[in-house]
Amino acid sequence: MGIYDTLNEQQKKGVFTTEGPVLLLAGAGSGKTRVLTHRIAYLIDELGVNAWNIMAITFTNKAAGEMKERVENIVGVGAESIWVTTFHSTCVRILRRYADRLGYDNNFTIYDTDDQKSVMKDICKRLKIDTKMLKERTILSAISSAKNELVSPEEYTLNAVGDYRKQKISQAYNEYQSALKKSNAMDFDDLIMKTVELFKTDGEVLGNYQKRFKYIMVDEYQDTNTAQFELIRLLADAHHNLCVVGDDDQSIYKFRGANIRNILDFEKVYPEAEVIRLEQNYRSTQTVLDAANAVICNNKGRKSKTLWTDKGEGGSIHFRQFENAYGEAEFIADDVARKVREGVTDYGGCAVLYRTNAQARLIEERFVVEGIPYNVVGGTNFYARKEIKDLLAYLKTIDNGRDDLAVKRIINVPKRGIGASTIAKVQDYADMWGISFYDALKRADDILGIGKSAVKLTPFVTMIQTFRSKLEFYGLEDLIRDIIKTTGYVTELEASGDEDAENRIENIDELISKIVAFEEIHDHPTLGEFLEEVALVADIDNVETGSSKVLLMTLHSAKGLEFPHVYLAGMEDGVFPAYLSIVSDDPEDIEEERRLAYVGITRAKDDLTICCAKMRMVRGETQINAISRFVKEIPAELMDNRPPAPRYVSADSAFESMSGDEQIKRYGFAQEPPYQAGNGAISRPRAVLSKGTAAENKPFIAGGGIGSLHGAGISKGVGAVTGGKPDYDIGDRISHIKYGKGTVTALEPGPRDYKVTVDFDNAGQKIMYAAFAKLQKI
DNA sequence: TAGTTGGGTTTTTTT
DNA sequence: AACCCAACTA
């Protein structure tokens with residue numbers, strides 16, 4: 001028997017209940033991935049199901065990859081033909097075969113949020129929509145919601161009658177959809193919606209897939225939206241062997257359309273469904289679980305469950321409040337360093353979680369100062385960076401000339417003297433003849449009123465055509481290197497003297513490595529496949545768990561992960577829960593934040609540290625925030641240090657049940673840093689103390705040096721030095737092409753190259769990379 | 001056409 | 001604070 005013996009009773013039930021609909025309510029850390037992988041193994045090994053008939057859907061490529069790997073480890077041969085993918089790649093795979101049945105080309109391109117915005121900007125201009133009143137982003141998110149709910153432009157129009165605002169949005173929606181179709185492009189939401197549309201209109205296609213997928217499993221079911229639900233429902237309609245796994249307490253994606261009712265109402269849709277609860281947690285200590293349970297039980301409308309563990313009580317949760325965010329960052333860095341020094345854990349055992357990406361910066365800066373290796377997950381997606389998007393636009397243009405957006409992006413990058421008016425004239429010509437922008441460029445000489453600009457357009461077209469013909473014998477790496485060389489993209493960056501040019505070049509090198517890796521993995525790598533893969537990666541996909549670096553990421557990104565030591569930073573009302581959710585009139589919003597807190601707490605295996613600051617700079621203004629209400633929901637006896645006695649007591653606060661004397665007594669035992677009684681916890685979210693720079697709040701940043709390293713550039717942490725040592729040293733006089741003469745004040749090995757600090761006579765202190773700065777010794 | 005500057009804005013979370 | 005955009009200048 002073997003492999004199933006290690007499962008507990010509930011897990012076994014989850015594995016062996018293979019027929020009919022199954023709802024697996026799996027609390028945090030209850031081993032749901034184990035159940036899923038063993039279930040697949042059981043289907044194949046014991047029931048003799050063909051691997052080809054099994055489908056498992058997750059949300060991220062990372063989760064899919066891990067699941068696939070684990071299944072392969074158990075099953076061995078045959079596992080590679082299981083569909084273990086994300087919703088989005090599943091749909092792309094289907095649409096690549098059948099998009100023509102919906103009037104698209106099968107080699108459609110995928111638009112990201114940036115692309116969507118460009119299209120919408122154009123449409124607003126054409127429709128004369130005042131973007132002060134109705135922002136592009138607002139329209140796009142309305143469209144996104146509509147698509148997530150499977151509402152077509154036509155239906156939207158019908159619903160918009162009598163509502164001016166909705167009518168405007170419906171016009172934009174219609175225009176947007178036809179613009180995308182014209183460019184042979186789909187956005188993320190289209191991928192799902194169009195697949196559903198395909199299934200609903202084409203019985204043959206649906207029938208094929210229904211026949212094929214006899215067993216379907218969906219992970220993170222609580223995060224599915226209506227369109228995804230419909231997709232799954234249609235696929236499972238023939239066999240009804242649908243197993244969904246989720247935890248309503250971890251539903252944190254309402255903002256992108258997740259419909260919590262999908263999991264809460266599963267039994268209504270499938271009355272014959274078997275419901276299995278996994279409540280034993282194998283991850284955290286009892287203390288951590290008690291805290292998580294205490295917080296989440298304040299939510300209404302959840303499927304009740306209580307996690308338990310036999311892992312033992314564990315240590316107290318640490319709580320620390322600081323004067324400002326700098327103090328918080330310093331503490332976290334010091335505490336991580338301390339734990340590593342004392343051998344409690346290594347860097348890879350620690351993670352810092354926060355509500356917003358912007359919070360990463362201060363912590364990052366402090367980690368650099370203390371030399372703590374780290375990785376930041378998220379922020380701007382690697383493939384959304386300007387330099388990467390530019391180069392990808394070249395690849396897209398070479399791959400699919402119908403992608404107007406890509407062509408327009410690069411027509412004047414690097415500068416070719418082609419301006420806005422020329423582009424507008426080409427576009428008019430393209431509209432007139434109903435051809436693509438790129439095809440219009442080919443006929444530059446025919447375009448009236450374009451004057452001498454035509455001379456500039458032809459070389460561009462020739463260049464693209466040359467690339468296309470070279471692709472016959474080129475590998476992708478050859479192509480990208482040729483593009484960089486021919487266009488002089490990197491050369492121009494180097495010459496720009498831009499402070500973050502060095503980072504951009506590093507990113508371009510990274511892109512080349514990714515292309516090389518792609519070519520190594522695939523037998524017959526094509527440009528189209530590469531672009532497709534790139535369109536669907538999330539930041540979290542590239543995180544190596546088990547590396548020896550501290551991970552910094554948002555609470556959202558952390559879902560599904562676990563760490564021995566977790567720091568929750570910025571636990572303040574207004575930061576977390578977010579200000580907008582506090583002022584929202586929909587009580588669901590705060591509940592969603594609370595679920596996020598639950599996710600955060602349950603990431604910790606052994607040790608949880610909660611931090612907050614009294615004062616923090618947010619969007620250029622200094623706010624005073626109260627300790628997060630979620631911290632107050634954690635029973636005081638679970639924590640080693642107490643928040644100050646609150647001035648106000650929320651209805652569900654743990655403090656309420658405590659007598660005043662008790663509060664003072666406990667509070668009196670507070671350890672460092674000492675709290676000032678009755679001073680810190682006044683509920684005054686968003687009080688503005690000062691505008692502009694708060695230099696006095698920066699105790700450990702000398703001379704602004706760290707600031708000039710720039711956010712994106714230090715996201716790699718500490719690594720190997722590849723550049724050679726320059727021919728100057730500390731104390732030498734040097735000269736720089738832009739900043740003039742100065743004295744070298746520091747020279748040290750950086751991530752890639754020597755980092756040199758120069759005190760310029762006229763430009764002040766700068767930190768730069770030696771190879772890039774091209775300093776001349778004088 | 002390109003580069004600079006000043007003014008206005010900021011959804012938090014992401015496939 | 002950081003970003004984006006429109007207006008202005010060379």
Side-chain angles (χ1 to χ4, degrees), chain A residues 57-64 85-92 110-113 117 121 131-132 135-138 140-142 144 147-148 187-192 220 223-225 227-228 251-258 353-362 377-381 383-384 386 412 414-423 452-453 456 496 498 535-541 553-559 570 574-584 589 592-593 595-596 599-600 616-622 690-695 697-698 707 710-712:
Chain A
I57 294 194
T58 62
F59 272 86
T60 65
N61 297 298
K62 182 178 156 68
T85 48
T86 64
F87 271 103
H88 294 272
S89 20
T90 297
C91 291
V92 170
I110 300 165
Y111 275 1
D112 66 13
T113 7
K117 220 171 143 192
K121 247 175 90 176
T131 51
K132 289 250 157 52
K135 295 186 182 60
E136 291 98 335
R137 207 185 300 109
T138 316
L140 282 169
S141 81
S144 176
K147 288 181 177 178
N148 287 332
D187 62 24
F188 285 129
D189 302 314
D190 279 336
L191 296 177
I192 315 283
E220 306 285 10
D223 290 328
T224 51
N225 60 39
Q228 288 161 337
S251 165
I252 55 174
Y253 282 107
K254 188 182 163 204
F255 70 93
R256 75 172 186 210
L353 311 181
Y354 36 79
R355 181 64 239 269
T356 65
N357 281 304
Q359 289 168 257
R361 242 193 74 179
L362 281 186
V377 181
T380 14
N381 185 314
Y383 293 103
K386 184 189 175 301
N412 198 31
K415 299 269 175 306
R416 300 188 179 92
I418 301 165
S421 57
T422 308
I423 292 173
K452 48 189 193 259
S453 298
K456 296 171 183 165
S496 71
D498 219 336
L536 296 175
V537 293
D539 283 305
I540 196 73
D541 295 337
M553 68 184 103
T554 62
L555 289 148
H556 281 89
S557 301
K559 195 173 63 147
V575 176
F576 184 32
Y579 173 70
L580 284 172
S581 71
I582 294 175
V583 297
S584 161
D589 289 346
E592 175 130 325
E593 296 279 308
R595 290 192 289 269
L596 197 53
V599 168
R616 168 184 309 268
M617 184 97 104
V618 180
R619 283 212 298 266
E621 63 181 34
T622 304
S690 67
K691 276 258 178 194
T693 53
N697 287 340
K698 299 184 180 180
H710 273 251

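Below, chain A is the first sequence line, B the second, and so on; all start at residue 1.
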* Which residues pass the salt bridge (Lys or Arg N to Asp or Glu O under 4.0 Å) test with A:Asp190, sequence neighbours left out? -> A:Lys147

* To do: Give a yes/no answer on whether the side chain of A:Ser141 brings an N or O atom under 4.0 Å of OP1 or OP2 in B:dT11.
  => no

* Length of the line joining A:Ile418:CD1 and B:dT1:C1', which is rounded to integer Å -> 11 Å

* Asked: Considering only heavy atoms from C-beta outward, does the side chain of A:His556 approach that of A:Phe255 to under 4.5 Å?
  -> yes

* Partners passing side-chain hydrogen bond (donor to acceptor under 3.5 Å, both in side chains) against A:Ser581 (at least two apart in sequence or in another chain) -> none

Check nucleotides 4-10 of chain B for protein N or O atoms closer than 3.5 Å to its own N or O atoms and list the pairs.
from: B:dT10; atom 1: OP1; to: A:Lys135; atom 2: NZ; distance (Å): 2.9

Detail all sub-3.5 Å separations between protein N/O atoms and N/O atoms belonging to nucleotides 5-10 of chain C.
from: C:dC5; atom 1: OP1; to: A:Lys121; atom 2: NZ; distance (Å): 3.2

* For B:dT13 versus C:dC4, give the span between their P atoms, rounded off to a whole number of Å. => 15 Å

* A:Leu191 to A:His88 - nearest heavy-atom pair and separation -> CD1-ND1, 4.0 Å

* Asked: Taking only N and O in the side chain of A:Ser581, is any of them less than 4.0 Å away from OP1 or OP2 of B:dT12?
  -> no

* Asked: Looking at A:Asp589 and A:Lys254, does any basic side-chain N land under 4.0 Å from a carboxylate oxygen?
  -> yes

* Test ring pair (Phe, Tyr, Trp, His ring centres under 6.0 Å) applied to A:Phe87 - qualifying residues, sequence neighbours left out -> A:Phe59

Show each protein N/O and nucleotides 13-15 of chain B N/O combination with a separation under 3.5 Å, one pair to a line.
from: B:dT13; atom 1: OP1; to: A:Asn357; atom 2: N; distance (Å): 3.0
from: B:dT13; atom 1: OP1; to: A:Asn357; atom 2: ND2; distance (Å): 3.1
from: B:dT13; atom 1: O4'; to: A:Arg355; atom 2: NH2; distance (Å): 3.4
from: B:dT13; atom 1: O2; to: A:Arg355; atom 2: NH2; distance (Å): 2.4
from: B:dT13; atom 1: O2; to: A:His556; atom 2: NE2; distance (Å): 3.4
from: B:dT14; atom 1: OP1; to: A:Thr554; atom 2: OG1; distance (Å): 3.2
from: B:dT14; atom 1: OP1; to: A:Ser557; atom 2: OG; distance (Å): 3.3
from: B:dT14; atom 1: OP2; to: A:Asn357; atom 2: ND2; distance (Å): 3.4
from: B:dT15; atom 1: O4'; to: A:Arg256; atom 2: NH1; distance (Å): 3.3
from: B:dT15; atom 1: O3'; to: A:Phe59; atom 2: O; distance (Å): 3.0
from: B:dT15; atom 1: O2; to: A:His88; atom 2: NE2; distance (Å): 3.0

* Asked: Can you check whether A:Arg355 reaches A:Thr554 side chain to side chain, under 4.5 Å on heavy atoms?
  -> no

* **Short side-chain to backbone donor-acceptor contact, A:Gln228 and A:Ile192, under 3.5 Å** => no

* Would you mind telling me which residue lines up with the more 5' stretch of DNA chain B, A:Ser421 or A:Leu580, judged by nearest nucleotide? => A:Ser421

* Select base, sugar-phosphate, or nothing to describe what A:Lys254 touches, counting heavy atoms under 4.0 Å on all strands. => nothing

* Asked: What is the minimum heavy-atom distance between A:Asp223 and A:Ser251, and which atoms define it?
  -> OD1-CA, 3.7 Å

